[in-house]
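Just so it is clear: chains get the letters A, B, ... in the order the sequence lines come, proteins before strands, and each one is counted from 1.
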2 protein chains.
Amino acid sequence: MKLNQTAYVLLGMLSIEDNQSGYDLRKAVQQSVGYFWGESYGQIYPTLKRMVADGLIVPANTAKGAKLRRQEYSLTEAGRDCLRQWLALPFQNDPPRNEFLLKLFFGREASPAVSIEHIQELNRRNKAMLITLEGIERYAQTNPSPSPHLPYWMLTLSLGLALTRAALDWGAAALVTLEDAMTGSGTPLTTATESPEVKPG
Amino acid sequence: MKLNQTAYVLLGMLSIEDNQSGYDLRKAVQQSVGYFWGESYGQIYPTLKRMVADGLIVPANTAKGAKLRRQEYSLTEAGRDCLRQWLALPFQNDPPRNEFLLKLFFGREASPAVSIEHIQELNRRNKAMLITLEGIERYAQTNPSPSPHLPYWMLTLSLGLALTRAALDWGAAALVTLEDAMTGSGTPLTTATESPEVKPG
DNA sequence: CGTGGCATGTAAACGGTTACATGATTTA
DNA sequence: TAAATCATGTAACCGTTTACATGCCACG
């Protein structure tokens, strides 16, 4: 019984809240771990079937209502055990692929304006991300929840905040570097014959 | 002619240094962009064939030596154009999948010791990464290269450094939080009723 | 009555990794 | 001569995304 990562996310989500449908789980993933994890229906539904076959979850009929044709699931003991075992395993470094950094690395082949635009776009995305994360942080602080999950959630949140802020700081400095080099007197970036100095600090 | 990302990496690498074989390119990728990009032979060799068929690169015989049976390639004008067009396109946010954060998010289901161990492991990996990146930085500063690529390379390097340092700072603080909560008097982590404060600055 | 959200699912295609197979050359 | 590295390639497999298909329900 070898599972894919999707299965573990679903187990985790069901460990937080039971009796969720595939649709619910997709939303839950998006709204909670969405900024560092994604799942698609094409992955979720087949995986749920498989997890039922493996005895990790059981179909559970909606107690109240049951208006729509929807299938909810809940964890079995085996499912909870499986989740715990997976949690204790060392985490894998996801195969790192950062298209932004790749384009920046090859930036010399294009006009400096291209790299500048990419950095500005990165800054825009990071600013939006920061606003989102700060909103969550504010919400958590003003609506103190007694959930035992909260400390862990706040830790993931604070890493997100720290990385986003660090990237924004870098972005501001990088723009200055590139724009200086672009408008600089003797050493335009694309035909540099001397190595421009990267100032430490 | 729709290309995969691998093709663009290879174009970029050949734009930096011409006449490289599949083997060379793999090494070049590992040694330069390895900390944010990976490529395997199973991807590189078929892609090279395709790029030849598409006229983006041409097989070039080794001028000097040619001892080993190896096939080198060099960029065509079409290949260079193709690279430039791609560079100017907006970058995609890679589907973000961070298994470390996922396990931390579900941490409540395991013992706090499990999450602590994960953070310690993350810190170990980040420390190693920091040493590597700082080594590259030191090398670049003591061996000033006149390469016009250098400013771009240094930018990618400095982002790597900034993110790694931010993650290490977070890791130290997170350990304190978790260990405090673990040994704390009234509010063990698994039944926390107060949200731990995330100190700004 | 139409739109948008709820809800489930499948099929095709893709991109990528892994394992395997082969053999030459260099270095110890 | 053994081991490490150079060097190329293929086949199987996996996980994932995307597009497509279907249809119900609530609300305006």
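Side-chain contact between B/Trp86 and B/Phe91 is absent, with no heavy atoms from C-beta onward closer than 4.5 Å.
What separates CD of B/Glu72 from P of D/dC6 is a distance of 14 Å, to the nearest Å. Per the geometry, CD1 belonging to A/Ile44 stands 15 Å off P belonging to C/dC6, to the nearest Å. Atom-to-atom, CZ of A/Arg50 to C1' of D/dG15 comes out at 12 Å; the value is rounded to the nearest Å. Nucleotide D/dT8 holds its P atom 6 Å from the CZ atom of B/Arg70, rounded to whole Å. For A/Lys2 and D/dC13, the NZ to P distance is 12 Å, given to the nearest whole Å. Atom C1' of nucleotide D/dT10 and atom CG of B/Leu48 are separated by 15 Å, given to the nearest angstrom.
One finds a side-chain N or O of A/Ser21 lying less than 4.0 angstrom from the OP1 or OP2 phosphate oxygen of C/dT8. Phosphate proximity of D/dG15 to A/Gln43: absent, as no side-chain N or O sits under 4.0 Å from OP1 or OP2.
The closest side-chain donor-acceptor pair between B/Asp24 and B/Ser21 falls under 3.5 angstrom.
Under a 3.5 Å cut-off, the side chain of B/His118 and the backbone N or O of A/Leu87 do form a donor-acceptor pair.
At a non-hydrogen distance threshold of 4.0 Å, B/Gly22, B/Tyr23, B/Asp24 from residues 22-34 of chain B come into contact with DNA chain D. Taking a 4.0 Å limit (strictly below) on heavy-atom distances, residues 5-17 of chain B does not reach DNA chain D anywhere.
We find the CG-CH2 distance between A/Leu159 and B/Trp170 to be 5.0 Å, quoted to the nearest 0.5 Å.
Aromatic ring orientation, A/Trp153 versus B/Phe105: parallel (interplanar angle below 30°, classes split at 30° and 60°).
B/Ala166 is linked by a side chain to side chain contact (heavy atoms under 4.5 Å, CB included) to A/Leu163, A/Ala166, counting only residues two or more places apart in sequence or in another chain. Taking the side chain to side chain donor-acceptor pair (under 3.5 Å) definition, one finds that B/Glu117 meets it with B/Arg124, sequence neighbours left out.
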Within the sub-3.5 Å range, which N or O atoms of nucleotides 9-11 of chain C have a protein N or O partner, and how far apart are they?
residue : atom : partner : partner atom : Å
C/dG9   : OP1  : A/Lys49 : NZ           : 2.8

Side-chain donor-acceptor pairs under 3.5 Å in residues 2-14 of chain A, sequence neighbours left out?
residue : atom : partner : partner atom : Å
A/Asn4  : OD1  : A/Ala7  : N            : 3.1
A/Gln5  : NE2  : B/Glu99 : OE1          : 2.8
A/Thr6  : OG1  : A/Glu39 : OE1          : 2.9
A/Thr6  : OG1  : A/Glu39 : OE2          : 3.2
A/Thr6  : OG1  : A/Gln43 : NE2          : 3.3

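Ionic pairing of A/Lys127 and A/Glu134 is not present here: no N-O contact between side-chain nitrogen and carboxylate oxygen is shorter than 4.0 angstrom. Between A/Asp54 and A/Arg50, at least one side-chain N (NZ, or NE/NH1/NH2) sits under 4.0 Å from a carboxylate O, which counts as a salt bridge.
With A/Tyr41 as the aromatic partner, A/Arg26 meets the cation-pi criteria of under 6.0 angstrom to the ring centre and within 45 degrees of the ring axis.
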